[in-house]
Amino acid sequence: GYQALEALKVLVADDDRDCCVHTTLLLGNLGIESRWVLTGEECVREVLSAHRNGEEYDVCLVDWKMPDIDGVEVVRRIREFVGPDTTIIIMTAYDWSAIEHSAREAGVNAFL
C-alpha cells in the first residue's frame, strides 16, 4: 500500500512552527509529500491556489486553535471552493467534543 501513500499530497497548518516541521518530517519518512503554513489564512490561500492549478491537496491537517481564524472557519472556506474531495483533519490537543458538531457541519472528516 506504499504507492498509495506516496501519491498523497498533504498540507499542514499549525501556528506552532516546530509542530509543522516535526509533522512534515514524519510524513516525509513515510514518503508523503507535504508543505506547511503557519496561519489559517495561508492555509486557505495555499489550498485554493493548488486547486486553481489542478494540483489538489489530498489531505489537510489543520490545527483547531490558530491566532487568525480557527480551524473550523478554515475548513468552511476550503469546502466552499474545493468541494468534498480533499480530506480535512482537525488537529487539536484539546477535547474536541465541544466543536465536533460545528466542525462536521463545516466539512471536517476526522479529528486527531
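Values below: every heavy atom of this structure, side chains too, minus hydrogens, waters and symmetry copies.
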Please tabulate, for the side chains in residues 70-77, all donor-acceptor contacts under 3.5 angstrom to protein atoms that are two or more places apart in sequence or on a different chain.
unit_1	atom_1	unit_2	atom_2	d
D70	OD1	V72	N	3.1
D70	OD1	E73	N	2.9
E73	OE1	R76	NH1	3.0
E73	OE2	R77	NE	3.0

Distance-only check: which donor-acceptor pairs under 3.5 Å involve side-chain atoms of residues 11-18, not counting sequence neighbours?
unit_1	atom_1	unit_2	atom_2	d
D14	OD1	D16	N	2.9
D16	OD1	D18	N	2.9
D16	OD1	C19	N	3.2

Exercise. Can you list the steps and then say if W36 with T23 is a side-chain contact (heavy atoms from CB on, under 4.5 Å)?
Worked result: CA-CA 9 Å; W36 55 268; T23 305; over 6 Å; no
Problem set entry | S97 side chain to E100 side chain, donor-acceptor N/O pair below 3.5 angstrom | no
For this session: Of all the heavy-atom pairs spanning D63 and M66, show the shortest one and how long it is.
Result: O-CE, 3.4 Å
Solution key, residues 82-92 side-chain donor-acceptor pairs under 3.5 Å, sequence neighbours excluded:
unit_1	atom_1	unit_2	atom_2	d
T86	OG1	Y57	O	3.0
T92	OG1	Y94	N	2.9

Report the distance from atom [atom1] of [X] to atom [atom2] of [Y], rounding to the nearest 0.5 Å.
X   : Y    : atom1 : atom2 : value
S49 : E42  : OG    : CD    : 11.5 Å
W96 : R104 : CH2   : CZ    : 9.0 Å
D58 : S34  : CG    : OG    : 12.0 Å
C60 : R79  : SG    : CZ    : 8.5 Å

Problem set entry | Side chain proximity check, C43 to I69, heavy atoms < 4.5 angstrom | no
Problem set entry | Reference residue I32; test side-chain contact (heavy atoms from CB on, under 4.5 Å); the match among L26, L27, V59, T24 | L27
For this session: Check whether L38 and V62 end up in the same hydrophobic cluster, where Ile, Leu, Val, Met, Phe, Trp and Tyr are linked by side-chain heavy atoms less than 4.5 Å apart.
Result: no
For this session: Could you tell me whether E56 and K9 have a side-chain N and a carboxylate O separated by less than 4.0 Å?
Result: no
